[in-house]
Amino acid sequence: MALLSPSPIEKLLAAPAPAAAASCGDEKSAKALEFIEEVTKNTDSVQEKVLEEILRQNADTEYLKRFGLNGSTDRHTFKSKIPVVTYEDLQPDIQRIANGDRSPIFCSYPISEFLTSSGTSAGERKLMPFIHQELDRRQLLYSLLMPVMNQYVPDLDKGKALHFLFVKAETKTPGGLVARPVLTSYYKSEHFKNRPFDPYNVYTSPNEAILCPDSFQSMYTQMLCGLIMRLQVLRVGAVFASGLLRAIRFLQLNWQDLCNDISTGTLSPKITDPSIRECMAKLLKPDPELADFITAECSGENWERIITRIWPNTKYLDVIVTGAMAQYIPTLDYYSGGLPKACTMYGSSECYFGLNLRPISDPSEVSYTIMPNMGYFEFIPHDDSSPLTLSRDSPPPLVDLADVEVGKSYELVITTYCGLNRYRVGDILEVTGFHNAAPEFRFVRRKNVLLSIDSDKTDESELQRGIDNASVLLKEFNTTVVEYTSYADTKSIPGHYVIYWELMMKNASCPPTNEVLNQCCLAMEESLNSVYRQGRVADNSIGPLEIRVVKNGTFEELMDYAISRGASINQYKVPRCVSFTPIMELLDSRVLSVHFSPAAPHWTPERRAPAMQ
Ligand code: AMP
């Protein structure tokens with residue numbers, strides 16, 4: 001099977017499905033399922049071929065030559081010569097590309113843009129080199145999702161999807177390459193904008209709304225369209241659970257304006273984007289009856305099951321609720337009356353990995369099958385109690401995709417067509433079973449992430465830096481932070497970070513003022529990474545940071561509690577993030593004062609200059 005040059009099945013999958021030809025759609029679905037069977041049955045040989053293709057494609061790159069690969073394309077030579085790396089190892093080379101070096105450093109194809117990952121390095125989004133050719137491979141994975149879903153949910157071609165999709169700000173690197181998040185890149189691509197009609201994938205949102213960079217106008221229009229077409233909606237979703245809940249919150253805040261538009265058939269003057277106004281002029285017709293219905297549903301106090309009340313034909317929610325998003329499951333259940341939640345896909349800026357072959361499974365049972373044609377995958381055995389240190393002198397025992405074992409956990413390492421070689425993604429996965437010869441993985445967690453509300457990922461050192469910077473404001477009050485922990489509070493929408501502080505005041509008669517403690521919240525936010533600050537400023541996906549000052553002795557009580565539950569007194573460490581209910585209750589019962597960030601932190605799409613290498 002030639003994977004770089006498309007196979008007949010890949011060609012058929014990429015071809016448009018003519019609107020009227022249902023049988024062709026069925027044929028495409030059947031071919032998609034056949035394709036999944038074919039690649040998963042031949043996992044190891046497909047992987048071997050993928051590596052061979054990648055190494056042949058990139059044989060003349062500076063990176064592979066640097067490690068003396070000499071044009072070899074076999075696994076053994078590759079594994080013996082090419083080191084396992086992290087983003088920080090690649091950063092100097094990535095910076096050269098960002099600065100304008102167009103020589104083939106990682107990839108023989110020209111780098112068309114950078115995808116900006118939600119994972120950060122030195123506080124800024126990681127820059128992932130991307131080649132235009134990769135869009136076809138990613139499109140292929142997308143094309144498999146509905147054929148899989150159709151096996152479980154019938155008649156999805158009889159209606160539409162209310163799927164909230166957004167583009168985010170983009171910027172240019174000093175060398176002139178565009179840098180933007182992966183989905184922004186995809187939605188702006190011809191692959192998405194001019195996608196062929198697919199009866200199984202018709203969105204209520206017009207492209208004009210999806211592509212509007214103003215998040216308020218985009219959300220408003222997408223919600224308005226969803227309301228107008230409410231009876232046609234068969235699934236409701238967003239990429240991540242947090243995004244769907246943000247849409248519900250938006251409805252809570254804006255239903256009056258939306259109903260006014262529906263009732264009068266005119267678009268709110270708040271929507272100024274000319275292309276949206278033009279497209280909505282064709283869609284909006286006065287419909288006072290619909291406006292009255294939505295007013296009746298939204299004006300009450302009770303928002304339980306609001307999704308099924310407004311969109312009664314919804315068969316499932318299309319949202320990722322694995323990983324950090326699991327914290328939103330109870331709230332989603334509340335608003336949807338427990339509709340199934342389909343986690344369809346697992347991917348990243350670096351590479352799209354695979355899909356969930358049983359998308360209507362319970363969130364706790366979701367497993368993703370990595371598709372062997374997407375890249376070359378290796379796995380570092382992972383054991384929390386004895387973390388492996390990788391060094392070039394003692395090559396780590398990396399395991400191939402076909403050889404992982406059920407019940408074991410691994411860290412994912414990828415080699416991609418875009419030119420990443422043996423790159424550690426940072427995700428920990430556990431093997432739950434096999435589909436044919438392809439392993440299925442439960443997403444366990446991302447390494448080193450302490451707090452996450454939306455796509456932000458804050459690690460322990462970032463939190464510590466935030467505490468250090470905020471503490472500076474306490475100096476004039478002779479006060480220090482003696483202990484702290486944190487909590488991602490997702491009860492309110494948007495969610496926000498809560499930091500518990502125990503303070504030591506040397507001069508009790510002059511405690512830090514409320515104003516100063518509020519400023520401490522802002523100082524912490526200013527120290528957090530750019531994805532966090534973007535969520536606060538541009539996306540409104542994260543609420544103001546909160547500090548809760550607790551009584552002296554609270555953290556000692558916390559330790560006593562942990563020891564009473566079996567923790568070793570010698571090894572006890574204050575947890576820097578908590579979520580266990582009894583611990584939350586203990587902390588909250590000792591709160592002396594509560595403080596919120598009084599303003600949004602600073603954020604612009606521009607990246608901060610990288611530190612000197
Ligand atoms: P990004 O690089 O910003 O595109 O983020 C990619 C990361 O998001 C992955 O490496 C995972 O940590 C996380 N992610 C993506 N898809 C899923 C999923 N289906 N379940 C859990 N986490 C996911």
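Numbers here simply count residues along the sequence, with the first being 1. Counting convention: from 1, in listed order, for ligands and their atoms alike.
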For ligand 1, output the ligand-protein N/O contacts shorter than 3.5 angstrom; if there are none, return none.
from	atom 1	to	atom 2	distance (Å)
ligand 1	2 (O)	Ser117	OG	3.1
ligand 1	2 (O)	Ser349	N	3.4
ligand 1	2 (O)	Ser349	OG	3.0
ligand 1	3 (O)	Ser118	N	2.7
ligand 1	3 (O)	Ser118	OG	2.5
ligand 1	4 (O)	Ser349	N	3.1
ligand 1	4 (O)	Ser349	OG	3.1
ligand 1	10 (O)	Asp427	OD1	3.3
ligand 1	10 (O)	Asp427	OD2	2.7
ligand 1	10 (O)	Arg446	NH1	3.0
ligand 1	12 (O)	Asp427	OD1	2.8
ligand 1	12 (O)	Asp427	OD2	3.3
ligand 1	12 (O)	Arg446	NH1	3.4
ligand 1	19 (N)	Met345	O	2.9
ligand 1	19 (N)	Tyr368	OH	2.9
ligand 1	20 (N)	Thr322	OG1	2.6

* Whether Ser218 side chain and Ala209 backbone form a donor-acceptor pair below 3.5 Å ->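 Yes: the side chain of Ser218 pairs with the backbone of Ala209.
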* Sequence neighbours left out, what passes salt bridge (Lys or Arg N to Asp or Glu O under 4.0 Å) with Asp44? Give chain and number order. => Arg75
* Asked: Quick one: salt bridge (Lys or Arg N to Asp or Glu O under 4.0 Å) partners of Glu48, sequence neighbours excluded?
  ->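 None.
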Show the atom names and distances, to 0.1 Å, of all donor-acceptor pairs under 3.5 Å that link a side chain in residues 316-325 to residues at least two apart or in another chain.
from	atom 1	to	atom 2	distance (Å)
Asp318	OD2	Arg235	NH1	3.0
Thr322	OG1	Tyr368	OH	2.7

* Any ion pair linking Glu365 and Arg442 (charged N to carboxylate O, less than 4.0 Å)? -> no
* Asked: Is there a donor-acceptor contact under 3.5 Å linking the side chains of Thr86 and Asp89?
  ->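 Note: Thr86 and Asp89 side chains meet the donor-acceptor criterion.
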